[in-house]
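Below is one structure; the comments refer to it alone.
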Amino acid sequence: MQIKLLPLQTHGDERGSLIALEQDKNIPFEIKRVYYLFNTGSNVRRGFHAHKNLTQVVIAVRGSCRFLLDDGKEKITLLLDNPAQGLLIDSCIWREMYDFSEDCVLMVLANHLYDESDYLRNYDEFLNLYGK
Ligand code: T46
């Protein structure tokens, strides 16, 4: 599956912690867009789509949430709960996010501007294109 957990170096001292995100360095693409999700209810499930051509890195800068990731062949789940870890999700991966902590802030870096036509929001269509 085209996903990876990227370790992000923390610069910490007695004042606190700092993590820098740099395109083509610890973020392996040109960063065209940044957005963040917050105030998501703990019983809300969101996502339910794949992208035809979009690579993203997701960071839980605060709090935690779970991801279900599905490449049409296998499904995995993982907990994102560490601001020093980036979840790299390549194109053609179905994603669902759930179990948001009350304080969860998910920051997402993307290699393209927003384009609704890049979304596959129908799971059967996704499986027809990328499934076994
Ligand atoms: C993803 C997960 C992790 C915009 O206008 N611009 C944007 O850049 C984005 C991302 C969204 N929107 C609008 C489109 C919808 O009206 O914001 C609304 C909520 O977006 P969506 O329902 O797609 O949100 P999620 O949480 O299901 O998914 C988002 C991203 O869309 C998606 O690419 O991987 O977060």
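Count residues from 1 along the sequence. Indexing begins at 1, ligand by ligand and atom by atom, following the structure's order.
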**Message:** Quiz question: by atom type and distance under 3.5 Å, do the side chains of Y114 and E116 form a donor-acceptor pair?
**Reply:** yes
**Request:** Could you label the plane-to-plane angle of the H51 and H49 rings as parallel, tilted or perpendicular, counting under 30° as parallel and over 60° as perpendicular?
**Result:** perpendicular
**H49 to ligand 1, any heavy atom closer than 4.0 Å** = yes
**Option with minimal heavy-atom separation from atom 34 (O) of ligand 1, where the choices are R46, Q56, R33** = Q56
**Complete:** Nearest heavy-atom contact between R33 and L54 is NH2-CD2, 3.7 Å
**Message:** Between D71 and K73, does any side-chain N to carboxylate O distance fall below 4.0 Å?
**Reply:** no
**Request:** Taking atom 3 (C) of ligand 1 as the reference point, report whether a protein heavy atom occurs under 4.0 Å from it.
**Result:** yes
**Prompt:** Does the protein put any heavy atom within less than 4.0 Å of atom 20 (O) of ligand 1?
**Reply:** no
**Request:** Decide yes or no on side chain to side chain donor-acceptor pair (under 3.5 Å) for E96 and Y123, but give the supporting numbers first.
**Result:** CA-CA 11 Å; E96 296 172 22; Y123 187 67; over 6 Å; no
**Is_contact(atom 27 (O) of ligand 1), protein non-hydrogen, under 4.0 Å** = yes
**Prompt:** Within 4.0 Å of atom 17 (O) of ligand 1 (strictly less), any protein heavy atom?
**Reply:** no
**Message:** Can you tell me if Y119 contacts ligand 1 (heavy atom of the residue under 4.0 Å from the ligand)?
**Reply:** yes
**Contact check, V58 vs ligand 1, heavy-atom distance below 4.0 Å** = no
